[in-house]
Amino acid sequence: MSTEAPNTSERPLDFVRQIVAADLAAGKNGGRVKTRFPPEPNGYLHIGHAKSICLNFGIAREFGGQCTLRFDDTNPVTEDTEYVESIQEDVRWVGFEWNDLRYASDDFDQLYAWAETLINKGLAYVDSQDVETIRRQRGTATEPGVESPNRSRSVAENLDLFRRMKSGEFPDGAHVLRAKIDMADPHLILRDPVLYRIKHAHHHRTGDKWCIYPMYDFAHGQCDAIENVTHSICTLEFETHRVLYDWCIEKLEIYPSRQYEFARLNLTYTVMSKRKLLELVKNGMMSGWDDPRMPTLCGLRRRGYTPEAIRAFCGTIGVTRYNGLTDMVVLENALRDDLNKRAPRRMAVLRPLKVVITNYPEGQSDELDAINNPEDASAGTRKVPFSRELYIERDDFMEDPPKQFFRLAPGREVRLRYAYFIKCEEAVKDEAGNIVELRCTYDPATRGGDAPDGRKVKATLHWVSANHAIDAEVRLYDHLCRIEDLSEVPETEDWKNYLNPQSLDTLTGCKLEPSLKDAEPGSKCQFERLGYFCVDTESVPGKPVFNRSVTLKDTWAKIQKKGG
RNA sequence: UGCCCGGUGGUGUAACGGUAGCACGAAUGACUCUGGAUCAUUUAGUCAAGGUUCGAAUCCUUGCCGGGCAACCA
């Protein structure tokens with residue numbers, strides 16, 4: 001990996017990078033920097049993981065170090081190769097490549113040997129009590145725990161029992177290996193924590209070789225040591241584990257990686273817990289892990305997010321030890337910001353209202369020049385067909401408009417983008433009083449969109465030619481949750497009650513300009529005045545499906561909202 | 001009630017004993033063939049009280065508020 005300047009003048013270093021920079025300056029670790037990104041393969045990665053990915057891989061890249069992708073696969077019952085594969089895909093998609101790909105399970109032999117080391121040192125023992133008893137004996141925040149009657153077993157007996165645990169002599173739960181620390185320690189984690197448990201379960205990598213598996217606390221720091229990780233960066237909930245992390249390093253006399261904790265990402269109007277996301281997928285409330293409403297990386301990808309936007313977002317939210325709640329608009333803004341510069345503009349009418357240009361000759365059509373991206377001259381222009389019958393957005397017409405509405409209304413003139421000024425002469429209604437068609441006239445002198453006499457219009461509308469348009473399905477997405485902060489829902493209540501019932505709005509019969517006919521799944525564009533859209537993975541030729549990635553900022557919507 | 005960690009405008013962050021700054025949001029205006037983008041202006045903050053100091057967001061004490069820890073999960 002090449003070295004990037006970690007501090008490009010304007011952006012100050014976050015506290016983790018400050019520590020890394022200081023360690024480097026002090027000559028620690030022989031000038032070496034090594035981090036790791038350690039997901040458990042029991043679910044798909046989400047935007048919160050992207051924060052960790054950008055931190056760990058980013059530090060390695062910026063400081064000329066290395067970063068390992070390590071699967072924390074110490075619990076075979078929840079883990080699966082499906083997740084292992086998706087995680088690799090997602091890390092690469094975010095834009096990083098690992099120096100090594102490892103698994104905690106690669107180290108099971110060494111971990112086992114270290115467990116025996118602890119036993120031999122009189123620092124671990126086999127406990128044969130059941131879960132409930134061990135839990136009761138742990139004590140509480142205010143009362144010390146009670147020592148297990150098995151705590152004084154001899155080294156020989158412990159070794160014998162532990163070896164028999166390994167060889168499969170006992171059923172699940174019969175015994176457990178515990179560290180012998182202090183049942184009265186004010187740190188609950190130090191009250192003889194469990195190091196190994198019996199699980200007769202098939203492991204996605206080691207198969208049936210093992211029936212005992214190490215706990216997180218007896219694996220993570222040791223794997224760090226084996227890999228010579230210098231800075232082991234994790235989230236705040238592992239803060240209280242650090243004393244145990246350091247205890248293992250000291251007693252085992254292994255490479256002293258240092259653990260640093262930062263606050264995980266919380267976002268408004270969504271859910272960031274793997275358990276809850278899995279629940280949504282399992283019970284069919286989402287179409288899958290990649291449902292575009294999900295905050296998963298594959299969901300965001302399908303929704304139309306770019307890796308550039310994800311990385312920019314991770315850069316703006318910073319890294320601290322304060323557990324806050326970041327506004328979803330920050331993420332959305334990162335996407336707009338990226339796509340504004342890059343996405344080609346197209347015209348699409350989502351809720352079509354037919355417009356007949358009464359003074360335009362029947363059977364005639366024309367081609368007009370449209371700019372592909374006003375932010376990027378090199379994107380060039382394209383032709384869009386014009387004819388007597390068009391569609392405009394229903395929302396762009398009001399029969400009896402309020403003062404602030406400057407779009408089309410009876411007797412009013414507006415511009416059709418890149419085409420002509422048109423004036424509404426009549427709104428045709430059905431028996432029920434619904435407006436079914438607009439009859440308008442156009443001014444041939446305004447071809448291209450400018451009036452030679454210099455007269456102005458207050459609005460420019462997007463439109464498509466009825467006969468040339470292609471039909472499409474367009475899926476509009478809104479927040480996954482109805483409330484900002486899901487953590488405020490009490491445990492006694494089902495959090496799923498707070499899902500947004502309007503998170504998906506599927507529109508059919510949408511009309512797209514013909515240049516969109518061959519758009520490939522994943523390709524992105526801006527539908528002018530509406531938002532950024534991408535072609536969905538389910539889209540097929542002849543039956544296109546578009547996802548709305550994010551809307552454009554909408555001043556009119558804001559005015560309407562304020563007006564009640 | 002034990003231990004650990006936090007608390008800077010509405011939100012996210014910077015300032016590392018020396019002028020509280022930035023981004024997003026909000027508001028206003030300019031410009032505009034996207035009510036987009038862009039540009040300009042404005043808005044609003046150090047949890048509280050003591051202490052140390054010439055000087056405190058920063059150091060100390062106490063309090064208040066928030067989060068985490070009592071899985072054979074990670």
Side-chain angles (χ1 to χ4, degrees), chain A residues 10-15 18 38-40 42 72-75 77-79 104 127 130-131 134-136 138-145 172-178 185-191 193-199 212-213 215-217 219-220 234-243 261 263 268 274-275 316-327 329-330 332-334 336-337 340-341 345 347 370-371 374-375 404-407 415-419 421 446 448-450 456-462 487 526-531 551-559:
Chain A
E10 75 283 0
R11 208 165 283 292
L13 297 185
D14 59 67
F15 84 95
Q18 282 179 31
E40 184 187 10
N42 67 345
D72 233 332
D73 57 350
T74 57
N75 186 1
V77 306
T78 58
E79 295 153 9
D127 198 351
D130 59 71
V131 194
I134 290 177
R135 182 177 318 177
R136 261 201 326 274
R138 189 141 29 222
T140 67
T142 46
E143 311 155 56
D172 288 7
H175 305 279
V176 71
L177 184 73
R178 290 229 255 169
D185 199 291
H187 293 97
L188 267 5
I189 190 105
L190 258 19
R191 322 251 255 228
V194 171
L195 267 23
Y196 261 93
R197 74 290 215 194
I198 300 171
K199 270 183 198 283
I212 58 171
Y213 293 93
M215 299 289 289
Y216 167 86
D217 287 306
H220 202 92
C234 61
T235 45
L236 247 26
E237 62 271 26
F238 294 100
E239 203 173 332
T240 51
H241 294 242
R242 196 174 57 234
V243 285
E261 311 89 17
T268 57
K274 270 198 203 172
R275 197 203 91 228
T316 77
I317 57 175
V319 180
T320 65
R321 290 171 65 81
Y322 174 71
N323 219 311
L325 180 63
T326 297
D327 200 320
V329 303
V330 180
E332 294 173 344
N333 220 51
R336 286 192 192 101
D337 211 47
N340 176 48
K341 291 174 291 194
R345 272 57 172 176
M347 291 200 283
I371 293 166
E375 304 292 317
Q404 290 149 301
F405 183 86
F406 9 98
R407 277 110 96 147
R415 173 169 36 234
L416 293 182
R417 187 136 160 98
Y418 301 124
F421 285 14
T446 57
D450 285 303
K456 300 283 182 200
V457 287
K458 291 194 80 177
T460 299
L461 310 186
H462 60 276
S487 74
Q526 181 195 104
F527 288 170
E528 294 224 27
R529 306 208 303 133
L530 298 174
T551 60
L552 251 28
K553 283 188 194 166
D554 189 343
T555 309
W556 170 236
K558 210 188 283 178
I559 292 167

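So that the names make sense, note that chain A is the first sequence line, chain B the second, and so on, each numbered from 1.
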Remember a base hit wins even if backbone is also touched, and classify [X] as base, sugar-phosphate or nothing at under 4.0 Å, heavy atoms.
X      : answer
A:Y322 : sugar-phosphate
A:R417 : base
A:V329 : sugar-phosphate
A:T140 : base

Of the listed nucleotides ([options]), which one gets closest to any side-chain atom of [X]?
X      : options             : result
A:P186 : B:G2, B:G68, B:C24  : B:G2
A:V330 : B:A14, B:C24, B:G36 : B:C24
A:M215 : B:G6, B:A14, B:C72  : B:C72
A:R138 : B:A74, B:C72, B:G36 : B:C72
A:E237 : B:G35, B:A74, B:C5  : B:A74
A:E375 : B:G35, B:A70, B:G36 : B:G36
A:N340 : B:C72, B:C24, B:A37 : B:A37
A:F405 : B:C72, B:A74, B:G35 : B:G35
A:R197 : B:G35, B:A26, B:C72 : B:C72
A:F406 : B:U1, B:G35, B:C3   : B:G35

Quick one: [X] [atom1] to [N] [atom2], roughly how many Å, whole number?
X      : N     : atom1 : atom2 : result
A:Y418 : B:G36 : OH    : C1'   : 11 Å
A:R321 : B:U13 : CZ    : C1'   : 16 Å
A:L236 : B:A74 : CG    : P     : 20 Å
A:D217 : B:C69 : CG    : P     : 13 Å
A:W556 : B:U34 : CH2   : P     : 18 Å
A:R191 : B:C3  : CZ    : C1'   : 9 Å
A:D327 : B:G12 : CG    : P     : 9 Å
A:Q18  : B:U13 : CD    : C1'   : 13 Å

May I ask you to evaluate whether [X] reaches the phosphate of [N], defined as a side-chain N or O under 4.0 Å from OP1 or OP2?
X      : N     : result
A:T240 : B:C3  : no
A:R336 : B:A37 : no
A:K553 : B:U34 : no
A:K458 : B:G35 : no

(message) Treating primed atoms plus P, OP1 and OP2 as sugar-phosphate and everything else as base, which nucleotides of nucleotides 59-67 of chain B get B, S or - for protein heavy atoms under 4.0 Å?
(response) --------S

(message) Show me the dot-bracket string of RNA chain B, counting Watson-Crick or G-U pairs under 3.5 Å, with | for pairs to another strand and [ ] for crossing ones.
(response) .((((((..((((....[..)))).(((((.......)))))....(((((..]....))))))))))).....

(message) Any carboxylate oxygen within less than 4.0 angstrom of a Lys/Arg side-chain nitrogen, looking at A:E239 and A:R321?
(response)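 A salt bridge links A:E239 with A:R321.
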
(message) Roughly how many Å apart are B:G21 and B:U43, using the C1' atom of each and rounding to a whole number?
(response)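 It comes out at 16 Å once rounded to the nearest Å.
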
(message) Taking the P atom in each of B:C65 and B:G25, what is the distance between them to the nearest angstrom?
(response) 34 Å

(message) Under the rule for side-chain hydrogen bond (donor to acceptor under 3.5 Å, both in side chains), what residues qualify as partners of A:T74, not counting sequence neighbours?
(response)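 Residues passing side-chain hydrogen bond (donor to acceptor under 3.5 Å, both in side chains) with A:T74: none at all.
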
(request) For residues A:E261 and A:F238, report the shortest heavy-atom separation together with the two atoms involved. (result) CG-C, 4.4 Å

What I want to check is whether an N or O donor and acceptor connect the side chain of [X] with the base of [N] at under 3.5 Å.
X      : N     : result
A:H241 : B:A74 : yes
A:E40  : B:C73 : no
A:R407 : B:G35 : yes

(message) What I want to check is whether the side chains of A:T460 and A:E528 have a donor and an acceptor closer together than 3.5 Å.
(response) no

